[in-house]
Amino acid sequence: MKIETIAIHAGHRYDPQTGAVMSPIHLSTTYLQGNDDNLIYGRTNNPNRHELEACLTALEGGAETVAFASGMAAVAAVFQSLSPGDHVIIADDTYYGARFYVTDMMARWGLTHDLVDLTDLDQVRGAIRPNTRLIWAETPSNPMLKITDIAAVAAIAHAHGALLAVDGTWATPMLQPFLAQGADIVVHSTTKYLGGHSDLTGGAVVFDTGESLYERIREQQNLGGGVPSGFDSWLLLRGIRTLPYRMRAHCENARAVAAFLAAHPAVHTVHYPGLPTHPGHAIAQRQMRDFGGMMSIQVHSGRERAAAVAAATQLFARATSLGGVESLIEHRAPVEGPTTNTPYDLLRLSIGLEHPDDLIADLEQALASR
Ligand SMILES: *Cc1c(COP(=O)(O)O)cnc(C)c1O
């Protein structure tokens, strides 16, 4: 089946009792003993969550999915499944929450790490140690849109008995097959494109067949307890049904906006992998189906100017997050705090599903504002 069909049907079943075409939302925290589906207790089981996990597994062509209450709960579960003394290599521009989680919180529990530019394969090879268990990539990355060659980094990891996990939030399963290109684990913040409407928080870890950390991460879901509710699982499934068509339009709009911005004199750099000038363009062309709806731009004359442009947009909402139907703009570095590596003249744009002419007109007036 093709991904459009999977997004609508995978994991879904018509309610056997009522014939309801849409699944009922299950709020019950406990189940009668001896039920047909072996459901026991709300933290361990929820029919909407099980439906969601089956759908995500099918979308990724994986073996198992473990759903969490947020993207960060999913990220945390992966690193918590490792042991004190293990070593991980994480991309130097990993999402700042995940980076802090590894470099600060997990470091206190004895997990060792190196921050590496994964676009430089020699650096990756050089950072491998005998106790390296996992390489953590994010492609395209947040907020610099760096492109990591999934197959090449997977080959390095596997040659040394390590796993490759990829944060696939920005690409979604629609735009980038992760497992088929060699990743062992895919992590999504489903808060973003998968939910798609900026009205739920969620995360998921998807596993390839025979992946060794699966059991521990399932335990982490059950006993760590960071589970998504039945309602959030239901909402997320509702979002996923339109994901393939939403992603097409996000990409089409982003392509038009990126072309406009690349030609604008107030903008000195556009980070969008769909542009032939982007350093990761060739790899993105090979490993992605399209280039996504996210981009960052750097504007002339620095921090104040970037803040002023973000403040002057009328259609783009000045807010963090991404992947919803509405366009967002964010002056990123101040949000990431004093430890940020992000340039202060950078604005991150989540291109929504409004008409691209209206988005371009809004950016045009904001860039011209004084
Ligand atoms: C938002 C985001 C996360 C964190 O997800 P939450 O749902 O906010 O916890 C992780 N990685 C990337 C790339 C993100 O954009």
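Numbering of ligands and ligand atoms starts at 1, following listing order. Hydrogens, waters and symmetry mates are skipped; everything else that's a heavy atom, side chains included, is used.
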Does [X], backbone or side chain, put an N or O under 3.5 Å from an N or O of ligand 1?
X	result
Leu322	no
Thr201	no
Ser189	yes
Tyr95	no

Could you check whether [X] pairs with [Y] (Lys NZ or Arg NE/NH1/NH2 to Asp/Glu carboxylate O, under 4.0 Å)?
X	Y	result
Glu252	Arg248	no
Arg218	Glu53	yes
Arg13	Asp37	yes

Review point. Are any of the heavy atoms in Val75 under 4.0 Å away from ligand 1?
Key: no

Point to revise | ligand 1 contacted by Gly202 (non-hydrogen, < 4.0 Å) | key: yes

Point to revise | Taking every non-hydrogen atom, the tightest pair across Ile360 and Ala256 | key: CD1-O, 3.8 Å

Point to revise | Best match, Thr169, Asp167, Thr139: closest heavy atom to atom 11 (N) of ligand 1 | key: Asp167

Point to revise | Any donor-acceptor N/O pair, Thr29 side chain to Gly42 backbone, under 3.5 Å | key: no

